Peer 1: 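Below: one structure in C-alpha cells.
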Amino acid sequence: MITVRIWFEKRNEASYISLLDMQRVMQRVLKRSGLPVWHTLGFNPHIYMTFTCPLSLGQESLCESVDVKTEAENPDFQSWQDKLNAIMPAGIHVFQVEPAQDKASEIAYACYTISYPAAAQSKLEQYNGLTEAMVEKKGKKSKKQINLKQYIPALDFYTEGKRTDFCVCLPATQELNLNPSLLTAFLEQQFGASAAEASILRTGLLKANKVPFRPRCRNV
C-alpha cells in the first residue's frame with residue numbers, strides 16, 4: 001500500500017474553510033474523483049486521510065497537504081492531480097501529488113508572510129524597539145506565557161504599493177506550535193495595528209535543520 005501526499009494551495013475564500021469542513025471537502029472530492037483511495041475497515045468505512053500541520057481559520061497557504069493511501073500499483077500522479085483539480089472548490093488548487101517521503105513529525109517550523117496596509121508600518125515598527133513581547137498561549141489543558149521576541153526578534157518590513165509585508169518563521173512541532181495570530185493580536189493590543197487588516201499567508205514548512213519539508217513551495 002502506498003501513502004500518497006496531495007499538496008494544495010488554500011487561497012481567498014477557501015481560507016475560511018475550517019479543518020473539519022476541509023476533511024468533508026476532501027472526502028467528497030476524492031469520492032467524486034473515482035480515484036483508487038483506500039478506505040478504513042469496520043462498520044462505517046471512510047477514506048483514510050491525514051492532514052499535515054493543519055492551517056488556522058482565515059489564513060491562506062501555499063503548502064497544505066493531505067495524505068491518503070492507495071493499493072493501486074504505479075499510480076499516475078498527474079492524472080490524480082488533474083482529476084482532483086477538475087472538481088475542487090474555488091480557492092483550492094492541487095499543485096503536486098507524490099508518494100509521501102518525509103514524515104509529518106519532521107516538521108519543525110512554519111513560515112509566513114504577514115501583510116498590513118502600508119499606513120500601519122509606523123505602528124509595527126514599534127515592535128522592534130521592545131526587549132520582550134509577552135503573550136499568553138492557550139492549550140487544551142493549560143496556558144503558557146511566551147516571549148515572542150525569542151522567536152521573532154524584529155520585523156523586517158518591505159513595502160510594495162499599498163501593503164507592508166514581513167516574513168516570520170515560527171515553531172510548528174507537537175511540543176510547541178506558535179500561531180502567527182499571536183503576533184497580530186499583540187501588535188493590535190500594544191500599538192493599535194488592526195489584526196483584522198492583517199492577512200496571513202503560509203509560504204513554507206521546514207525541518208529542524210531549516211531544510212524545506214517537501215516540496216519547495218512556489219514563490220509568493
Side-chain angles (χ1 to χ4, degrees), residues 10-12 14-22 51-65 103-213 217 220:
K10 191 180 179 189
R11 305 295 300 271
N12 303 318
S15 66
Y16 296 100
I17 300 176
S18 68
L19 175 59
L20 182 60
D21 286 335
M22 194 69 215
F51 285 83
T52 305
C53 202
L55 193 67
S56 295
L57 188 69
Q59 298 177 9
E60 298 180 285
S61 178
L62 299 178
C63 51
E64 296 302 284
S65 71
K103 296 181 179 179
S105 59
E106 296 181 55
I107 296 173
Y109 303 96
C111 301
Y112 303 87
T113 294
I114 302 177
S115 177
Y116 280 87
Q121 181 171 340
S122 60
K123 298 177 181 179
L124 304 180
E125 286 175 342
Q126 298 178 67
Y127 177 89
N128 294 344
L130 298 177
T131 56
E132 66 176 18
M134 302 302 299
V135 298
E136 184 177 78
K137 174 177 168 54
K138 297 180 180 179
K140 293 182 178 179
K141 298 181 179 179
S142 63
K143 300 178 181 179
K144 181 186 299 185
Q145 292 294 316
I146 300 289
N147 183 5
L148 290 177
K149 296 289 280 191
Q150 181 180 350
Y151 306 99
I152 312 171
L155 305 180
D156 187 11
F157 304 97
Y158 56 96
T159 300
E160 183 175 345
K162 298 181 179 181
R163 305 295 293 183
T164 292
D165 302 343
F166 58 90
C167 298
V168 297
C169 192
L170 297 171
T173 65
Q174 292 184 349
E175 293 75 23
L176 181 62
N177 191 337
L178 295 186
N179 193 312
S181 63
L182 290 172
L183 174 62
T184 57
F186 177 85
L187 294 173
E188 179 175 57
Q189 180 181 9
Q190 296 296 317
F191 310 121
S194 174
E197 294 182 337
S199 61
I200 299 173
L201 174 68
R202 182 187 282 171
T203 57
L205 300 169
L206 305 177
K207 299 181 184 180
N209 55 3
K210 297 296 180 74
V211 171
F213 186 79
C217 295
V220 181

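On a predicted model such as this, the values are computed, not experimentally measured, just so you know. Just so it is clear, the values below take in all heavy atoms, side chains as well, and ignore hydrogens, waters and symmetry mates.
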Peer 1: At what distance, to the nearest 0.5 angstrom, does OG1 of Thr184 lie from CD1 of Ile114?
Peer 2: 6.5 Å
Peer 1: Is it the case that atom CD in Gln145 sees more than 12 heavy atoms from other parts of the structure closer than 6.0 Å?
Peer 2: yes
Peer 1: Tell me, which pairs form a side-chain hydrogen bond (donor to acceptor under 3.5 Å, both in side chains) where one or both residues lie in residues 55-64, sequence neighbours left out?
Peer 2: Arg11-Glu60, Ser56-Asn179, Gln59-Asn179, Ser61-Glu64, Glu64-Arg202
Peer 1: Could you list the residues that satisfy salt bridge (charged side-chain N to carboxylate O under 4.0 Å, His left out) with Asp156, not counting sequence neighbours?
Peer 2: none
Peer 1: With Tyr112, which of Cys169, Cys167, Pro180 fulfils side-chain contact (heavy atoms from CB on, under 4.5 Å)?
Peer 2: Pro180
Peer 1: To the nearest 0.5 Å, what is the distance between CG on Leu170 and SG on Cys111?
Peer 2: 8.0 Å
Peer 1: Who are the side-chain contact (heavy atoms from CB on, under 4.5 Å) partners of Asp165, not counting sequence neighbours?
Peer 2: Thr113, Ser115, Tyr158, Arg163
Peer 1: Short question: side chain of Lys149, backbone of Leu130 - any donor-acceptor pair under 3.5 Å?
Peer 2: yes
Peer 1: Just to verify, what does Lys207 make a salt bridge (charged side-chain N to carboxylate O under 4.0 Å, His left out) with, not counting sequence neighbours?
Peer 2: Asp102, Glu106
Peer 1: Residues in salt bridge (charged side-chain N to carboxylate O under 4.0 Å, His left out) with Glu125, at least two apart?
Peer 2: none
Peer 1: Quick one: CG on Leu183 to CG on Leu148, what's the gap to the nearest 0.5 Å?
Peer 2: 6.0 Å
Peer 1: Nearest 0.5 Å, please: how far is CG in Leu155 from OH in Tyr116?
Peer 2: 8.5 Å
Peer 1: Between CG of Asn147 and OG1 of Thr131, what distance do you get to the nearest 0.5 Å?
Peer 2: 8.0 Å
Peer 1: Find the distance between CD (Glu160) and NZ (Lys162) and round it off to the nearest 0.5 Å.
Peer 2: 13.5 Å
Peer 1: Does Ile152 offer a backbone N or O that forms a donor-acceptor pair with the side chain of Tyr127 under 3.5 Å?
Peer 2: yes
Peer 1: Is it the case that the side chain of Lys123 and the backbone of Phe191 share a donor-acceptor pair, with hydrogens and angles ignored and the cut-off at 3.5 Å?
Peer 2: no
Peer 1: Going by the rule ring pair (Phe, Tyr, Trp, His ring centres under 6.0 Å), which residues pair with Phe157 if we only count those two or more places apart in sequence or in a different chain?
Peer 2: Phe166
